[in-house]
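Data first, discussion second: the structure below is written as C-alpha coordinates.
Within every chain, numbering begins at 1; the chains are lettered A, B, ... in the order of the sequence lines, protein sequences first and strands thereafter.
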Amino acid sequence: MTQKEPFSNYTILQNTLASRVVLEDLFLRPVRYVGGLDVSYSKRGRSSTACAGAVVMNPEDWSVVDSASACLENSVPYVPGYLSFREIPVLLEAYEKLQVLPDVWLVDGAGIAHPLRIGLAAHFGVLLDVPAIGVAKSRLVGRHDNLPAEKGSRVPLEDEKTGEVIGTVLRSRTDVKPLFVSPGHRVSIETAPEVVLSCCTRYRIPEPTRAAHNMVTVLKKTIPSS
DNA sequence: GCGACAG
DNA sequence: ATCTTGTCGC
(Lines give C-alpha, C1' and ligand atoms only; values in the text may rest on other atoms or scores of the structure.)
Protein backbone atom coordinates (compact mmCIF):
# COMPACT_ATOMS: atom_id res chain seq x y z
CA MET A 1 0.00 0.00 0.00
CA THR A 2 1.34 3.33 -1.06
CA GLN A 3 1.25 6.49 1.02
CA LYS A 4 -1.25 8.18 -1.23
CA GLU A 5 -3.90 5.50 -0.95
CA PRO A 6 -5.41 6.89 2.25
CA PHE A 7 -6.00 10.14 0.36
CA SER A 8 -6.99 8.92 -3.07
CA ASN A 9 -10.64 9.10 -2.03
CA TYR A 10 -10.33 12.87 -1.67
CA THR A 11 -9.33 13.58 -5.25
CA ILE A 12 -12.93 14.39 -6.15
CA LEU A 13 -13.13 16.82 -3.23
CA GLN A 14 -9.92 18.50 -4.36
CA ASN A 15 -11.20 18.87 -7.91
CA THR A 16 -14.48 20.30 -6.64
CA LEU A 17 -12.69 22.85 -4.47
CA ALA A 18 -10.31 23.67 -7.30
CA SER A 19 -13.22 24.55 -9.55
CA ARG A 20 -14.31 27.14 -6.99
CA VAL A 21 -11.02 29.03 -6.86
CA VAL A 22 -11.35 32.65 -7.97
CA LEU A 23 -8.26 34.22 -9.55
CA GLU A 24 -9.52 37.80 -9.44
CA ASP A 25 -8.56 40.50 -6.96
CA LEU A 26 -11.63 40.39 -4.78
CA PHE A 27 -10.19 41.90 -1.63
CA LEU A 28 -9.88 45.35 -0.10
CA ARG A 29 -7.03 47.47 -1.37
CA PRO A 30 -4.99 49.07 -0.16
CA VAL A 31 -4.82 46.27 2.36
CA ARG A 32 -5.63 47.30 5.89
CA TYR A 33 -4.66 44.11 7.70
CA VAL A 34 -2.67 41.09 6.53
CA GLY A 35 -2.90 37.68 8.15
CA GLY A 36 -0.35 34.91 8.51
CA LEU A 37 -0.97 31.20 9.04
CA ASP A 38 1.44 28.44 9.99
CA VAL A 39 1.46 25.02 11.65
CA SER A 40 4.14 23.19 13.63
CA TYR A 41 4.28 19.76 15.23
CA SER A 42 5.31 18.72 18.73
CA LYS A 43 7.23 15.49 18.33
CA ARG A 44 8.13 13.59 15.24
CA GLY A 45 6.41 12.70 11.99
CA ARG A 46 3.19 10.88 12.83
CA SER A 47 0.78 10.74 15.75
CA SER A 48 1.82 14.02 17.27
CA THR A 49 0.19 17.30 18.21
CA ALA A 50 -0.28 19.96 15.55
CA CYS A 51 -0.25 23.59 16.65
CA ALA A 52 -1.63 26.30 14.39
CA GLY A 53 -1.05 30.00 14.67
CA ALA A 54 -3.00 32.84 13.09
CA VAL A 55 -1.70 36.39 13.31
CA VAL A 56 -3.34 39.55 11.98
CA MET A 57 -0.96 42.47 11.39
CA ASN A 58 -1.07 46.11 10.42
CA PRO A 59 1.25 46.65 7.41
CA GLU A 60 1.79 50.20 8.58
CA ASP A 61 4.13 49.18 11.40
CA TRP A 62 3.73 45.41 11.56
CA SER A 63 2.06 45.62 14.92
CA VAL A 64 -0.11 42.65 15.86
CA VAL A 65 -3.80 43.51 15.69
CA ASP A 66 -5.05 40.10 16.77
CA SER A 67 -3.79 36.54 17.06
CA ALA A 68 -5.07 33.10 17.98
CA SER A 69 -3.80 29.54 18.17
CA ALA A 70 -5.01 25.99 18.53
CA CYS A 71 -3.51 22.56 19.06
CA LEU A 72 -4.93 19.26 17.91
CA GLU A 73 -3.91 15.61 18.08
CA ASN A 74 -2.82 14.73 14.58
CA SER A 75 -2.34 11.34 12.99
CA VAL A 76 -2.63 12.42 9.38
CA PRO A 77 0.72 11.85 7.66
CA TYR A 78 2.36 14.29 5.32
CA VAL A 79 1.99 13.22 1.73
CA PRO A 80 2.95 15.61 -1.10
CA GLY A 81 -0.22 16.91 -2.70
CA TYR A 82 -2.39 16.26 0.34
CA LEU A 83 -0.99 18.65 2.93
CA SER A 84 -4.39 20.31 3.38
CA PHE A 85 -5.94 17.26 5.00
CA ARG A 86 -3.16 17.34 7.60
CA GLU A 87 -3.21 21.05 8.40
CA ILE A 88 -6.68 22.44 7.65
CA PRO A 89 -8.44 21.11 10.79
CA VAL A 90 -6.16 22.82 13.29
CA LEU A 91 -5.92 25.95 11.15
CA LEU A 92 -9.71 26.30 11.19
CA GLU A 93 -9.73 26.03 14.97
CA ALA A 94 -7.28 28.88 15.31
CA TYR A 95 -9.13 30.93 12.69
CA GLU A 96 -12.43 30.67 14.54
CA LYS A 97 -10.93 32.22 17.65
CA LEU A 98 -9.99 35.47 15.93
CA GLN A 99 -11.89 38.64 16.73
CA VAL A 100 -10.39 40.64 13.87
CA LEU A 101 -10.03 39.27 10.35
CA PRO A 102 -7.48 40.42 7.75
CA ASP A 103 -8.18 41.57 4.20
CA VAL A 104 -5.90 38.86 2.86
CA TRP A 105 -4.14 35.81 4.24
CA LEU A 106 -0.59 34.63 3.60
CA VAL A 107 -0.44 30.86 4.08
CA ASP A 108 2.69 28.77 4.59
CA GLY A 109 2.35 26.43 1.60
CA ALA A 110 1.26 26.35 -2.02
CA GLY A 111 -1.75 28.09 -3.52
CA ILE A 112 -2.78 26.90 -6.97
CA ALA A 113 0.78 25.79 -7.71
CA HIS A 114 -0.37 22.26 -6.93
CA PRO A 115 -0.97 19.13 -9.05
CA LEU A 116 -4.74 19.72 -8.90
CA ARG A 117 -4.46 23.49 -8.43
CA ILE A 118 -5.69 23.25 -4.87
CA GLY A 119 -2.76 23.61 -2.47
CA LEU A 120 -3.20 24.50 1.21
CA ALA A 121 -3.72 28.24 0.66
CA ALA A 122 -6.31 27.67 -2.08
CA HIS A 123 -8.06 24.98 -0.06
CA PHE A 124 -8.22 27.24 2.99
CA GLY A 125 -9.36 30.25 0.96
CA VAL A 126 -12.15 28.42 -0.84
CA LEU A 127 -13.44 26.70 2.30
CA LEU A 128 -13.89 30.03 4.09
CA ASP A 129 -14.28 32.13 0.95
CA VAL A 130 -11.56 34.49 2.14
CA PRO A 131 -8.69 36.07 0.14
CA ALA A 132 -5.55 33.95 0.46
CA ILE A 133 -2.08 33.64 -1.05
CA GLY A 134 0.23 30.65 -0.92
CA VAL A 135 3.82 31.33 0.16
CA ALA A 136 5.89 28.16 -0.14
CA LYS A 137 9.55 27.95 0.83
CA SER A 138 10.23 25.34 -1.85
CA ARG A 139 8.74 24.06 -5.07
CA LEU A 140 5.97 21.47 -5.24
CA VAL A 141 5.26 21.61 -8.98
CA GLY A 142 6.11 23.80 -11.95
CA ARG A 143 9.19 24.92 -13.84
CA HIS A 144 10.89 28.30 -14.07
CA ASP A 145 13.89 30.12 -15.50
CA ASN A 146 16.84 31.27 -13.43
CA LEU A 147 16.14 34.12 -11.08
CA PRO A 148 18.39 37.19 -10.54
CA ALA A 149 19.88 37.40 -7.02
CA GLU A 150 18.43 40.80 -6.21
CA LYS A 151 15.47 41.29 -3.93
CA GLY A 152 12.29 41.88 -5.88
CA SER A 153 13.33 39.72 -8.85
CA ARG A 154 10.64 37.38 -10.11
CA VAL A 155 10.00 34.88 -12.86
CA PRO A 156 6.80 33.03 -13.71
CA LEU A 157 6.25 29.52 -12.42
CA GLU A 158 4.48 27.48 -15.06
CA ASP A 159 3.03 24.04 -15.45
CA GLU A 160 5.81 21.88 -16.89
CA LYS A 161 3.40 20.27 -19.30
CA THR A 162 0.92 22.92 -20.41
CA GLY A 163 3.01 26.03 -19.84
CA GLU A 164 0.12 27.55 -17.92
CA VAL A 165 1.31 30.17 -15.43
CA ILE A 166 0.50 28.92 -11.93
CA GLY A 167 2.52 31.25 -9.78
CA THR A 168 5.66 33.35 -9.33
CA VAL A 169 9.14 32.56 -8.07
CA LEU A 170 10.01 35.58 -5.96
CA ARG A 171 13.29 36.74 -4.44
CA SER A 172 12.18 38.20 -1.11
CA ARG A 173 15.74 39.17 -0.10
CA THR A 174 18.99 39.51 -2.00
CA ASP A 175 21.05 36.31 -2.10
CA VAL A 176 18.55 34.02 -0.42
CA LYS A 177 16.50 31.13 -1.74
CA PRO A 178 13.35 32.39 -3.48
CA LEU A 179 9.76 31.97 -2.37
CA PHE A 180 7.17 30.16 -4.49
CA VAL A 181 4.14 32.43 -4.51
CA SER A 182 0.81 31.42 -5.98
CA PRO A 183 -2.77 32.65 -5.57
CA GLY A 184 -4.93 30.86 -3.05
CA HIS A 185 -8.34 32.44 -3.59
CA ARG A 186 -9.75 35.83 -4.63
CA VAL A 187 -6.27 37.07 -5.62
CA SER A 188 -4.80 37.28 -9.12
CA ILE A 189 -1.54 35.74 -10.24
CA GLU A 190 -0.13 39.22 -10.92
CA THR A 191 -1.10 40.73 -7.58
CA ALA A 192 -0.07 37.84 -5.32
CA PRO A 193 3.70 38.48 -5.52
CA GLU A 194 3.18 42.22 -4.99
CA VAL A 195 1.28 41.65 -1.78
CA VAL A 196 3.90 39.18 -0.57
CA LEU A 197 6.82 41.45 -1.40
CA SER A 198 5.16 44.31 0.42
CA CYS A 199 5.24 42.09 3.50
CA CYS A 200 8.95 41.28 3.22
CA THR A 201 11.09 43.54 5.40
CA ARG A 202 14.50 42.24 6.44
CA TYR A 203 13.86 38.51 6.32
CA ARG A 204 13.21 35.94 3.63
CA ILE A 205 9.83 35.06 5.13
CA PRO A 206 7.11 37.73 4.99
CA GLU A 207 6.17 39.27 8.36
CA PRO A 208 2.69 37.72 8.84
CA THR A 209 3.81 34.15 8.13
CA ARG A 210 6.97 34.69 10.12
CA ALA A 211 4.99 35.97 13.11
CA ALA A 212 2.69 32.95 12.93
CA HIS A 213 5.69 30.65 12.73
CA ASN A 214 7.34 32.23 15.75
CA MET A 215 4.08 31.95 17.64
CA VAL A 216 3.64 28.21 17.09
CA THR A 217 7.31 27.53 17.75
CA VAL A 218 6.89 28.95 21.25
CA LEU A 219 3.48 27.36 21.71
CA LYS A 220 4.46 23.80 20.93
CA LYS A 221 7.04 23.88 23.70
CA THR A 222 4.15 24.47 26.10
CA ILE A 223 2.38 21.31 24.96
CA PRO A 224 3.09 17.89 26.50
CA SER A 225 5.32 15.92 24.15
CA SER A 226 5.77 12.17 24.31
C1' DG B 1 12.34 1.26 -13.45
C1' DC B 2 14.10 5.84 -11.56
C1' DG B 3 13.56 10.39 -9.51
C1' DA B 4 10.51 14.20 -7.50
C1' DC B 5 7.87 15.48 -3.77
C1' DA B 6 4.40 22.29 -0.05
C1' DG B 7 5.06 21.03 5.33
C1' DA C 1 7.92 19.49 9.44
C1' DT C 2 11.52 17.48 13.14
C1' DC C 3 16.22 16.08 14.90
C1' DT C 4 20.92 18.42 15.91
C1' DT C 5 26.79 20.76 16.23
C1' DG C 6 29.30 23.60 14.53
C1' DT C 7 30.25 27.59 11.76
C1' DC C 8 30.20 31.84 8.94
C1' DG C 9 28.89 36.75 8.79
C1' DC C 10 27.00 41.31 10.18
Note to self: Looking only at the side chains, is there a donor atom on one of A:S188 and A:D25 sitting less than 3.5 Å from an acceptor on the other?
What the structure shows: yes
Next item on the list: Assign A:F85 to base, sugar-phosphate, or nothing according to its heavy-atom contacts below 4.0 angstrom with the strands shown.
Entry: nothing
Note to self: Any side-chain N or O of A:H213 below 4.0 angstrom from OP1/OP2 of B:dG7?
What the structure shows: no
Checklist line | Lys/Arg-Asp/Glu bridge criterion (N-O < 4.0 Å) met for A:D129, A:R186 | finding: yes
Next item on the list: Rounded off to whole Å, could you give me the CG-to-P distance for the A:L106 and B:dA6 pair?
Entry: 20 Å
Margin query: For a quick check of understanding: with a heavy-atom distance under 4.0 Å over all strands, which category does A:A110 fall into, base, sugar-phosphate or nothing?
Written below: base
Next item on the list: In whole angstrom, give the distance that lies between atom CZ of A:F180 and atom C1' of B:dA6.
Entry: 10 Å
Next item on the list: Measure up the A:F85 and A:Y10 rings against each other and bin them: parallel (under 30°), tilted (30 to 60°), perpendicular (over 60°).
Entry: parallel
Margin query: What is the separation between atom CG on A:L83 and atom P on B:dA6, rounded to the nearest whole Å?
Written below: 9 Å
Note to self: If you compare every side-chain N and O of A:S42 against the phosphate oxygens of C:dT2 (OP1, OP2), does one of them come in below 4.0 Å?
What the structure shows: no
Check: Between A:L170 (CG) and B:dA6 (P), how many Å, whole number?
Finding: 19 Å
Item checked: side-chain N/O A:Y41 vs B:dG7 OP1/OP2, d < 4.0 Å -> no
Next item on the list: Could you tell me the separation between the NE2 atom of A:H114 and the C1' atom of B:dA6, rounded to a whole number of Å?
Entry: 8 Å
Next item on the list: Report yes if a side-chain nitrogen or oxygen of A:K220 is closer than 4.0 Å to either non-bridging phosphate oxygen (OP1 or OP2) of C:dA1; otherwise report no.
Entry: no
Next item on the list: Give a yes/no on whether any side-chain N or O of A:K137 is located under 4.0 angstrom from OP1 or OP2 of B:dG7.
Entry: yes
Next item on the list: In whole angstrom, give the distance that lies between atom CD of A:E87 and atom C1' of C:dT2.
Entry: 13 Å
Note to self: Do A:V196 and A:V104 land in one hydrophobic cluster if side-chain heavy atoms of ILVMFWY residues count as linked below 4.5 Å?
What the structure shows: yes
Check: Base, sugar-phosphate, or nothing: which does A:G81 touch, judged by heavy atoms less than 4.0 Å apart?
Finding: base
Notebook entry, point to check: Does A:R86 have a side-chain nitrogen or oxygen under 4.0 Å from the phosphate oxygens OP1 or OP2 of B:dG7?
Noted result: no
Next item on the list: Round to the nearest Å and state the distance from A:I118 atom CD1 to B:dA6 atom P.
Entry: 17 Å
Item checked: A:T217 side chain reached by A:D38 side chain, heavy atoms, under 4.5 Å -> no
Next item on the list: Let me know the distance between CG of A:L91 and C1' of B:dA6, rounded to the nearest Å.
Entry: 13 Å
